[in-house]
2 protein chains.
Amino acid sequence: MRLFHARGYDAVGVAELGSELGIKPPSFYAAFGSKAGLFERALQRYAAGEANIFARARAEGGGVAEVVERTLLLAARLYPERNGVAGCLVLDGARNSADPEACALAEEMRKAGVAALRDFIAEEAPERAGALADFVTIAMRGMSAAARDGADEAALTSFAQMASRAFRRELAAEG
Amino acid sequence: MRLFHARGYDAVGVAELGSELGIKPPSFYAAFGSKAGLFERALQRYAAGEANIFARARAEGGGVAEVVERTLLLAARLYPERNGVAGCLVLDGARNSADPEACALAEEMRKAGVAALRDFIAEEAPERAGALADFVTIAMRGMSAAARDGADEAALTSFAQMASRAFRRELAAEG
DNA sequence: GAGAAAATATAGTGGTCGCTACAGAATCGT
DNA sequence: ACGATTCTGTAGCGACCACTATATTTTCTC
């Protein structure tokens, strides 16, 4: 998971994954079936843990504006490079990958994430939930990409604050 | 350039580039020196043409808010997938690439872009030019990534409008 | 038209990719 | 303790990678 997150799906080989896990190729394929199989497990583990920013922000309660603000600020804290890992595995782990299976796995997870966000926003703004959820997810993609390009926490937090204010205003405005 | 843009630096091979250009490997290396050499030329051609959104938006005149709004809206029009090509070559062409030379070339070009934007914004808001330029470039990264994930022009335009409004408000607000 | 020079294609360099056949070692049931 | 079964390590599969040495063709010069 760490290797996929740090360098992207295509750039890390099965041999390296095996040596990281302390196993050799045959055991690797017995355990995961394929490289994409391990990637799927890594994605699931990632989404089930502390990297599921939206779930964490939502758990603290509050209205849509508060949860979205916490989500963006949490991303700003979590995305900057740490130990060679930056950004979001789901958003950028399979970007530019030549493997359609890996791309499909990541896309499926992105779709699930934006759907959950949209449903949550729809509780307060059913008409514009789609556009507002898109706003947040596109902003997150920008933060993930910027973090992978070397942006630090200060820059991402500044962006997250502006985006939060924007979201709050768009939510308050009548469609 | 089209191939790099469509699939990313690593996912396209020299043989394919050669057959696209109608030349064989030796001629390819005689002309460009290396795969990264062609990538550099592609980046330059890309930035010199209609893809340099900021230059186009700036050419039409107006204040900082107007130019930024035009930049974002232009990105929303240009980024959605067309003939297999989506997003921005500079922002995403070398993402997750294992080749440090390609990454360095793209990063250099990104830095030049954000510097130009920052200097332009500084004409009206010298104090906050850095943060405001970061806001725009992170938003652009989000739009490019979203386009590569399949977002259509309507979704990107909606985002661009919200981001433009946000930028206008942040610019008007006193730091 | 003959000879030199440039540009081309053929073929192949070592290396890595995801993945697997096979053999030896460890484990288990009895 | 022994035979069967599961597992793991070694080695290698074909395919592709960026890249290049050699040979051939083409293009000039005269």
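Chain letters run A, B, ... following the sequence lines, proteins first and then strands; every chain starts at 1.
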Taking atom P of D:dC7 as reference, at what distance in whole Å does atom CD1 of A:Ile23 sit?
13 Å

Would you mind telling me which residue lines up with the more 5' stretch of DNA chain D, A:Pro26 or B:Ser34, judged by nearest nucleotide?
A:Pro26

Grab the CG-P distance between B:Asp10 and D:dC17 for me, whole Å please.
11 Å

Whole Å only: how far is the CG atom of A:Leu17 from the C1' atom of C:dG18?
11 Å

Please confirm whether the shortest side-chain N or O distance from B:Lys35 to OP1 or OP2 of D:dA18 is below 4.0 Å.
yes

Aromatic rings A:His5 and A:Tyr46: how do their planes relate, parallel, tilted or perpendicular, breaks at 30° and 60°?
perpendicular

Between atom CG of B:Leu73 and atom CZ of B:Phe159, what is the distance when rounded to the nearest 0.5 Å?
11.5 Å

Quick check on D:dC7: is either OP1 or OP2 less than 4.0 Å from any side-chain nitrogen or oxygen of A:Ser27?
no

Rounded distance in Å - CD (A:Glu16) to C1' (C:dT16):
12 Å

Between B:Tyr29 and D:dT20, is there a side-chain N or O to OP1/OP2 distance below 4.0 Å?
no

Find the distance B:Leu38:CG to D:dA18:P and express it as a whole number of Å.
11 Å

Between D:dA18, D:dG9, C:dT10, which nucleotide has the shortest distance from any of its atoms to the side chain of A:Lys24?
D:dG9

Starting at atom CZ of A:Phe28, determine the distance to atom C1' of C:dG18, rounded to an integer number of angstrom.
9 Å

How many Å lie between CZ on B:Phe32 and P on C:dA7, as a whole number?
14 Å

B:Glu60/B:Arg56 salt bridge by N-O under 4.0 Å criterion:
no

Answer yes or no: is there a side-chain heavy-atom contact under 4.5 Å between A:Glu40 and A:Arg45?
no

Closest nucleotide among C:dC19, D:dC19, D:dT8 to the A:Pro25 side chain:
C:dC19

Is the NZ or CZ atom of A:Lys35 both under 6.0 Å from the centre of the six-membered ring of A:Phe4 and within 45° of that ring's axis?
no

Just how far, in rounded Å, is C1' of D:dA18 from CZ of B:Phe39?
16 Å

Closest-nucleotide ordering on DNA chain C, the 5'-leading residue of B:Gly22 and A:Ala11
B:Gly22

